[in-house]
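Below is a structure I'd like to ask you about.
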Amino acid sequence: MNEKILVSVAWPYANSPLHLGQVAGAYLPPDIFARYHRLRGNDVLMVSGSDTHGTPITVTAEREGVEPGAVVERFHRSFLDTFVGLGFSFDLFTHTDTENHWEVTLRFFRRLLERGYVTKQTMQALYCEECHRFLADRYVEGTCPFCGYEDARGDQCDKCGKPLDALDLIKPRCKFSGDTPVVRDTEHFFLDLSQFNEPLKEWIADKDYWRTSVRNFSLGMLEEGLRPRAITRDISWGIPVPVEGYEDKRIYVWFDAVIGYLSASIEWARNRGTPDAWLDWWDPQRPARSYYFIGKDNTFFHTLIWPAMLLGYGDLRLPHDVPANEYLTLEGKKFSSSRNWAIWAPDYLSRYDPDPIRYYLTTHAPESSDSDFSWSEFLAANNNELVGTWGNLAHRILTFAYRNFEGRVPQPAELTAEDQAILDTTAEAFGPVAADIEACRFRAALARVMAVAREANRYLDVAAPWKALKVDRARAATAVFVTLRVVDSLTVLLAPFVPFGSEKLHATLGYDEPLFGTQEIVPYQEAERRHLGLTYHGVSQGVERWVPSALQPGQALREPSPAFKKLDDAIVEQELARLG
RNA sequence: GGCGACGUAGCUCAGUGGUAGAGCAGGGGACUCAUAAGCCCUUGGUCACUAGUUCAAAUCUAGUCGUCGCCA
């Protein structure tokens, strides 16, 4: 019985390219997870999209003197290309500026309103009389009440880093007109989270498999008690509030962004002509599991707010797990786009292959604490581990077999105890590696596989078919056969982590059908709007391929060439020079 | 200021009461099928600090310091 696995991935703001910190935290882990489940023959639905409605986007647009839509289009396209380049196998990567997403969001809003979970409240906000509009926090500048910095933004002080409320700024001024804004009352809709405090406590009570930081953080918030939270804003960019008298207001970006998981699932089903198919993952009466891959800054929205919204809406599946990651630092310091202390995914892909970074960011994944990216460590991990331990093992046995056994998998004679032992060791890895991946312990899973690769190197050194070939061809053939099977198994075990190299080795081993399907960027036309999406066309659906090798003697190999390449030591200096 | 996570070999991490572990890096060696890769041997730690509980603490308790995050 195939399992239905919903892989929900954080929605990136379409106002800058993706950097490696985001890749490590929120985008690579779900792809490993999804590819593993695809190999299992499970039905994966992996969705995400660009968040197009944030204030950061209007800030970027105004700075550049273009429409917000143009900013969105540019970075959405950038995300699509990055995901193709890194091999992130989204079933659908869409964005929030679609008719479908607006419909689903409004349906959500209306139902929560009808059920009394969304309520009206009057709050105070800064209003610029010169511009005739309310000012979003980021559109106000003034003196920081904590450190006295005079150019603090309304949402956060760049000097001391503290989050601010624009109302607390001393001597506030409008970012556009420079005028001093006035405090005005404004009515907004609030999601009354307090009604969900107890239901959420009950729901989290049995989530003992969540990461400790995620669970403790969520329980702590519930202990403090959740408060109503505004879900509309006085801005013009976003989804209009569907209530008379509120035409000038928009739904606050965080509210519609989380709904994207649902709307993207619905869009995916429609795009493929099976409009109800999304229910297989979302109907709580049917068997399925949902996972939300995010960075730790998003935990609150995914373990509390989104579940509250789902409880309020009803008849939808709540998250099974939210494996939030900590942060990645770069050469010991925080990523900072303004100081150019960042590695942008498009830049990386313009110079290097995807597998090395996938490998590095998995072995150094910020799963339990912050971790660091360093170019010298990256180089070492690629050259010593990915290439040295694994790539070389695969290459040496493939070239040896190709040259000495007529390009075919040789016929083995009787297996020795050593032959059987390495085959057993390899076969026995499938279970524990699967368990690690299913528990979202990707770093541990990969380490376990690499331990098998090292064991296989030791086996091959002892078996030494290059020596046996001269005195006992049958023994050499057997050792080559055994090693090829081990390499075949390792190719599958490593496929979720380094899919490009595994795909190449899989073909070299003589298989005609690929391990994975293909990605495609597709234009989707709605009634009036058109958008680009990334989708995935699977292969061998429903077939379990997470199994030890059954490579058959006589299978024709393809001419081997290295699946992974060494990187020149000089790149460390070159890349460090690009930073800062 | 409150809460939480983390702090173990140069680096990345495992280890939750019983004589400190792995991978990578560093040093030495034998080999040569292979991307000068792989294999064997090896150096290296007062387990952040202090006090306590215990026959016994990296592991439990209290406190201190540091890093990160959330909240105020």
Side-chain angles (χ1 to χ4, degrees), chain A residues 21 25 145-146 161-165 168 210-227 295-301 303-304 324-329 331-335 359-405 436 441-444 446-470 476 479-480 483 487 501 560-568:
Chain A
F146 297 103
K162 291 201 177 180
L164 302 176
D165 185 326
D168 296 333
W210 284 13
R211 290 184 178 169
T212 49
S213 57
V214 173
R215 189 155 187 269
N216 286 346
F217 169 79
S218 306
L219 288 172
M221 297 294 285
L222 289 170
E223 212 49 51
E224 278 183 35
L226 300 178
R227 285 159 303 192
K296 63 177 161 182
D297 52 327
N298 254 323
T299 305
F300 183 59
F301 291 99
T303 63
L304 298 166
N325 274 319
E326 307 294 307
Y327 286 149
L328 187 75
T329 55
E331 304 288 353
K333 292 192 276 185
K334 276 196 215 181
F335 273 75
Y359 180 83
Y360 179 91
L361 292 179
T362 305
T363 57
H364 290 68
E367 287 176 6
S368 54
S369 62
D370 290 353
S371 64
D372 187 48
F373 178 91
S374 106
W375 280 105
S376 64
E377 292 263 325
F378 167 74
L379 186 100
N382 181 72
N383 290 0
N384 302 324
E385 298 176 41
L386 184 58
V387 175
T389 303
W390 168 231
N392 183 60
L393 169 69
H395 192 240
R396 67 199 288 215
I397 196 60
L398 282 165
T399 50
F400 189 82
Y402 194 78
R403 288 173 194 160
N404 296 297
F405 292 92
D436 278 336
R441 294 188 299 257
F442 305 112
R443 201 172 52 199
L446 181 51
R448 209 186 276 280
V449 183
M450 290 305 286
V452 176
R454 286 192 298 276
E455 192 61 40
N457 270 313
R458 283 191 280 274
Y459 160 81
L460 186 55
D461 253 62
V462 174
W466 48 91
K467 285 183 188 164
L469 194 62
K470 297 169 190 163
V480 170
T483 310
V487 165
S561 66
F564 305 97
K565 295 187 192 71
K566 284 204 137 196
L567 290 166
D568 194 305

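No hydrogens, no waters, no symmetry mates; every other heavy atom, side chains included, goes into these values. We name chains A, B, ... by the order of the sequence lines, and we start the count at 1 in each one.
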Legend entry - Partners passing ring pair (Phe, Tyr, Trp, His ring centres under 6.0 Å) against A/H364 (at least two apart in sequence or in another chain): A/Y360

Inset, instruction - Look at A/R448 and B/rA14 and indicate whether a side-chain polar atom (N or O) is within less than 4.0 Å of OP1 or OP2. - result: no

Inset, instruction - To the nearest Å, give me how far apart OH (A/Y360) and C1' (B/rC13) are. - result: 13 Å

Legend entry - Minimum-distance nucleotide to A/R454 side chain [options: B/rC39, B/rA25, B/rA14]: B/rC39

Legend entry - G-U wobble or Watson-Crick pairing nucleotide for B/rU46 (cut-off 3.5 Å, both distances): none

Legend entry - Whichever of A/D297 and A/K565 has its nearest RNA chain B nucleotide further upstream toward 5': A/K565

Legend entry - Inter-nucleotide C1' distance (B/rA56, B/rC71), Å rounded: 41 Å

Legend entry - Euclidean distance, atom CZ of residue A/R403 to atom C1' of B/rA34 [Å, nearest integer]: 8 Å

Legend entry - A/R443 versus A/T362, closest heavy-atom pair with distance: CG-O, 3.4 Å

Legend entry - Separation between the P atoms of B/rC40 and B/rG23, rounded to whole Å: 10 Å

Legend entry - Protein-nucleotide distance (A/I397, atom CD1; B/rA34, atom P), rounded to Å: 11 Å

Legend entry - Rounded distance in Å - CD (A/E455) to C1' (B/rC39): 12 Å

Legend entry - Minimum-distance nucleotide (side-chain atoms of A/R396 versus B/rG38, B/rU35, B/rU12): B/rG38

Inset, instruction - Write down the distance separating the C1' atoms in B/rG7 and B/rC47, rounded off to the nearest Å. - result: 10 Å

Legend entry - Spacing between A/L460 atom CG and B/rA37 atom C1', to the nearest angstrom: 12 Å

Inset, instruction - Take the angle between the ring planes of A/F373 and A/F378 and call it parallel below 30°, perpendicular above 60°, tilted in between. - result: tilted

Inset, instruction - State which of B/rC71, B/rU32, B/rA5 makes the closest approach to the side chain of A/E224. - result: B/rC71

Could I get a table of every N or O pair under 3.5 Å where one atom is in the protein and the other is in nucleotides 66-68 of chain B?
unit_1	atom_1	unit_2	atom_2	d
B/rC68	O2'	A/K296	NZ	2.8
B/rC68	O2'	A/D370	OD2	3.0

Inset, instruction - Assign A/E223 to base, sugar-phosphate, or nothing according to its heavy-atom contacts below 4.0 angstrom with the strands shown. - result: nothing

Inset, instruction - Mind checking A/S374 for me? I need base, sugar-phosphate or nothing, with any heavy atom below 4.0 Å counting as a touch. - result: nothing

Legend entry - Whole-Å distance separating the CG atom of A/D461 from the P atom of B/rC40: 8 Å

Inset, instruction - Report yes or no: does A/N382 contribute a side-chain atom to a donor-acceptor pair with the main-chain N or O of A/K565 at less than 3.5 Å? - result: yes

Legend entry - Pairing partner (Watson-Crick or G-U wobble, both distances under 3.5 angstrom) of B/rC55: B/rG18

Inset, instruction - Rounded to whole angstrom, note down the C1' distance from B/rG52 over to B/rC13. - result: 30 Å

Inset, instruction - With sequence neighbours left out, write down each residue that passes side-chain contact (heavy atoms from CB on, under 4.5 Å) with A/V449, or none if nothing qualifies. - result: A/V433, A/L490, A/L493, A/L494

Inset, instruction - Please test A/T212 against A/R215 for side chain to side chain contact (heavy atoms under 4.5 Å, CB included), starting from the C-alpha separation and ending with a verdict. - result: CA-CA 5 Å; A/T212 49; A/R215 189 155 187 269; 5.9 Å; no

Legend entry - A/F442: partners by ring pair (Phe, Tyr, Trp, His ring centres under 6.0 Å), with sequence neighbours left out: none

Legend entry - Spacing of the C1' atoms in B/rA5 and B/rU42 (rounded, Å): 37 Å

Legend entry - Any-strand Watson-Crick or G-U partner of B/rU32, both distances under 3.5 Å: none

Inset, instruction - Whole angstrom is fine here: how far is it from CG in A/D436 over to P in B/rC13? - result: 16 Å

Inset, instruction - Verify the stacking flag for A/F400 against B/rC33: centroid separation must be under 5.5 angstrom and the ring planes must differ by under 30 degrees. - result: no

Inset, instruction - May I ask you to say what A/S376 touches in the nucleic acid, namely base, sugar-phosphate or nothing, with a heavy-atom cut-off under 4.0 Å? - result: nothing

Legend entry - Closest-nucleotide ordering on RNA chain B, the 5'-leading residue of A/R227 and A/N457: A/N457

Legend entry - Test item: A/N457 side-chain N/O and A/T389 main-chain N/O as donor-acceptor pair under 3.5 Å: yes

Inset, instruction - Please assess A/V480 against A/I397 for the test side chain to side chain contact (heavy atoms under 4.5 Å, CB included), listing each intermediate value before the final yes or no. - result: CA-CA 7 Å; A/V480 170; A/I397 196 60; 4.2 Å; yes

Inset, instruction - Would you indicate what A/G391 reaches in the nucleic acid, counting non-hydrogen atoms under 4.0 angstrom: base, sugar-phosphate, or nothing? - result: base

What pairs of nitrogen or oxygen atoms, one from the protein and one from nucleotides 62-64 of chain B, lie under 3.5 Å apart?
none

Inset, instruction - Examine B/rU35: is either OP1 or OP2 under 4.0 Å from a nitrogen or oxygen in the side chain of A/N392? Give yes or no. - result: no

Legend entry - B/rU61 and B/rA22, which share atom name C1', separated by this distance in whole Å: 31 Å

Inset, instruction - Pick the C1' atom in B/rA25 and in B/rG44, then give their distance to the nearest Å. - result: 12 Å

Inset, instruction - Taking all non-hydrogen atoms of both residues into account, name the closest pair between A/E326 and A/D370 and its distance. - result: CB-OD1, 3.2 Å

Inset, instruction - Take the protein atom CZ of A/R458 and the nucleotide atom P of B/rG23, then report the distance between them rounded to whole Å. - result: 8 Å

Legend entry - Presence of A/N383 side-chain N/O under 4.0 Å of B/rU35 phosphate oxygens OP1/OP2: no

What nitrogen or oxygen pairs link the protein and nucleotides 47-49 of chain B at under 3.5 Å?
none

Inset, instruction - Give A/S368 one of three labels, base, sugar-phosphate or nothing, depending on what nucleic acid heavy atoms sit under 4.0 Å from its own. - result: sugar-phosphate

Legend entry - Closest nucleotide among B/rA25, B/rC11, B/rG38 to the A/E377 side chain: B/rC11

Legend entry - B/rG4 pairs with, by Watson-Crick or G-U criteria that keep both distances under 3.5 Å: B/rC68

Inset, instruction - Look at all strands and tell whether A/R443 reaches a base, only sugar-phosphate, or nothing, counting heavy atoms closer than 4.0 Å. - result: sugar-phosphate

Inset, instruction - Determine the contact category for A/H364: base if any of its heavy atoms lies under 4.0 Å from a base atom, sugar-phosphate if only primed atoms, P, OP1 or OP2 are that close, otherwise nothing. - result: sugar-phosphate

Legend entry - Worked check of side chain to side chain contact (heavy atoms under 4.5 Å, CB included) between A/Y459 and A/L393: CA-CA 11 Å; A/Y459 160 81; A/L393 169 69; over 6 Å; no

Inset, instruction - Give a yes/no answer on whether the side chain of A/R441 brings an N or O atom under 4.0 Å of OP1 or OP2 in B/rC13. - result: no

Inset, instruction - Look at the rings of A/F400 and A/F405 and say which category their plane angle falls in: under 30° parallel, 30 to 60° tilted, over 60° perpendicular. - result: tilted

Inset, instruction - From the options B/rA34, B/rU12, B/rA37, select the nucleotide whose nearest atom is closest to the side chain of A/H395. - result: B/rA34

Legend entry - Touch class at under 4.0 angstrom, heavy-atom based, for A/A453 against every strand present: nothing

Inset, instruction - Considering only atom P, compute the distance from B/rA9 to B/rA48 and round it to an integer number of Å. - result: 8 Å

